[in-house]
Structure formats: C-alpha cells, structure tokens
Engineer: 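Supplied in structure tokens, the structure appears directly below.
Since this is a predicted model, take the numbers as computed values, not measurements.
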Amino acid sequence: MSLASVAGLRAFPGEAVYNASKFGMLGFTRSLDHELRELGVRVTNVAPGGVATDFAMGSGRTPESVEGMMTADEVADVVLFVVNRPRDLRMLTVSFRPMNEESWG
C-alpha cells in the first residue's frame, strides 16, 4: 500500500514537485498491481485530502488554516479499512477528503 495524496490525482498550483512525487507514487502503485495481482498480492493507493500534521504546518500554513483538516487517526482508520477487506477484493485507489474541502478534478 502507498500513502499518497489527492495531489496524486489532481495537480495544485505552486506545488509542482509535490504533485509530481504523488503522481509518480500513484503510477508506481498501479504498476505493482499489474505485476503482483496474479500472485495474490493486493496493492492500494490511499489518497487523503488535507491532514493536519506537522508537515502541513511546515509548508507555510497557520494553525487557523489547518482547522477542519482530517487527523492522522482518521487517515489511519481508512488504512485499516483497506487492509482488512476480504483477500479476494482489491481497492486500487481510495480517495477521501474532509467535508469542508472541495471535490475538484
């Protein structure tokens, strides 16, 4: 499983390098799915929207601007949901956002 970002599904202005890394992660994960599925290996890309972490704060955001973002625990809940699906089911990409975040692209 890879933990990417919605930035791997849609580009954001001013974040070209970050977007490129997340798009690359999505492509890598999908390639692994093609290569490993027949061996019974499930590969999933988890792509959350805004998460209130130290990383978010380190990118110039303020405490006010991370209000309403998801918590790391909420993202962990989705990861647990994905890995606990039946063995014969694979989720290729799971994208989710907090309610106050738009659904662009």
Side-chain angles (χ1 to χ4, degrees):
M1 181 182 64
S2 66
L3 188 57
S5 166
V6 295
L9 304 170
R10 179 195 183 272
F12 296 97
E15 297 187 21
V17 173
Y18 183 74
N19 284 292
S21 70
K22 298 305 178 179
F23 271 86
M25 185 180 270
L26 180 62
F28 178 70
T29 305
R30 292 300 294 267
S31 293
L32 287 176
D33 174 71
H34 288 291
E35 295 173 12
L36 301 174
R37 181 185 58 79
E38 290 184 9
L39 300 173
V41 177
R42 299 181 301 173
V43 183
T44 303
N45 180 57
V46 176
V51 183
T53 63
D54 290 340
F55 177 78
M57 292 300 296
S59 63
R61 293 181 175 92
T62 65
E64 295 78 30
S65 68
V66 298
E67 256 181 57
M69 286 185 169
M70 293 178 287
T71 67
D73 285 342
E74 290 170 323
V75 176
D77 286 343
V78 174
V79 170
L80 288 172
F81 174 80
V82 169
V83 299
N84 286 305
R85 294 306 88 210
R87 290 295 308 159
D88 61 348
L89 173 74
R90 62 196 227 277
M91 300 174 118
L92 301 177
T93 300
V94 177
S95 174
F96 54 103
R97 298 174 172 91
M99 287 297 287
N100 68 340
E101 194 174 286
E102 294 183 38
S103 298
W104 356 252

Engineer: Are Phe23 and Met25 connected in the hydrophobic side-chain network, where two residues link if heavy atoms are under 4.5 Å apart?
Structural biologist: no
Engineer: Any idea which heavy atoms bring Ala11 and Asn19 closest together, and the distance?
Structural biologist: CA-OD1, 3.2 Å
Engineer: Within the side chain of Asn45, is there an N or O that forms a donor-acceptor pair under 3.5 Å with the backbone of Leu26?
Structural biologist: no
Engineer: Taking the side chain as every heavy atom from C-beta outward, state whether Thr93 and Thr44 have any pair of such atoms under 4.5 Å apart.
Structural biologist: no
Engineer: Could you pull out the closest heavy-atom pair between Tyr18 and Ala7, with the gap in Å?
Structural biologist: CE2-CB, 3.6 Å
Engineer: Can you give me the closest heavy-atom contact between Asn100 and Gly68, atom names plus distance?
Structural biologist: OD1-O, 3.2 Å
Engineer: Report whether Met91 and Val46 are members of the same hydrophobic cluster (ILVMFWY, side-chain heavy atoms less than 4.5 Å apart, transitive linking).
Structural biologist: yes
Engineer: Atom NE2 of His34 and atom OG1 of Thr29: how far apart are they, to the nearest 0.5 Å?
Structural biologist: 11.5 Å
Engineer: If you take all heavy atoms of Met70 and Pro98, which pair is closest and at what distance?
Structural biologist: CE-CD, 3.7 Å
Engineer: Test of understanding: clusters of I, L, V, M, F, W, Y form through side-chain heavy atoms closer than 4.5 Å, transitively. Do Leu39 and Val43 belong to the same one?
Structural biologist: yes
Engineer: Rounded to the nearest 0.5 Å, how far does CZ of Arg30 lie from CG of Leu92?
Structural biologist: 4.5 Å
Engineer: Mind checking whether Phe28 and Val79 sit in one hydrophobic cluster, side chains of I, L, V, M, F, W, Y counted as touching below 4.5 Å?
Structural biologist: no
Engineer: Distance from Glu101 atom CD to Phe96 atom CZ, nearest 0.5 Å?
Structural biologist: 10.5 Å
Engineer: Taking atom OG of Ser21 and atom CD of Glu15, what is their separation to the nearest 0.5 Å?
Structural biologist: 10.0 Å
Engineer: Counting C-beta onward and ignoring hydrogens, is there a side-chain heavy-atom pair between Val75 and Leu3 closer than 4.5 Å?
Structural biologist: yes
Engineer: As an exercise, state the distance from CE of Met1 to CG of Leu32, rounded to the nearest 0.5 Å.
Structural biologist: 13.0 Å
Engineer: Would a distance-only check, ignoring hydrogens and angles, find a side-chain to backbone donor-acceptor pair under 3.5 Å from Arg42 to Arg85?
Structural biologist: yes
Engineer: Just by distance, do the side chain of Ser5 and the backbone of Gly8 share a donor-acceptor pair under 3.5 Å?
Structural biologist: no
Engineer: Hey, is the main chain of Val6 close enough, under 3.5 Å, to the side chain of Arg97 for a donor-acceptor pair?
Structural biologist: no
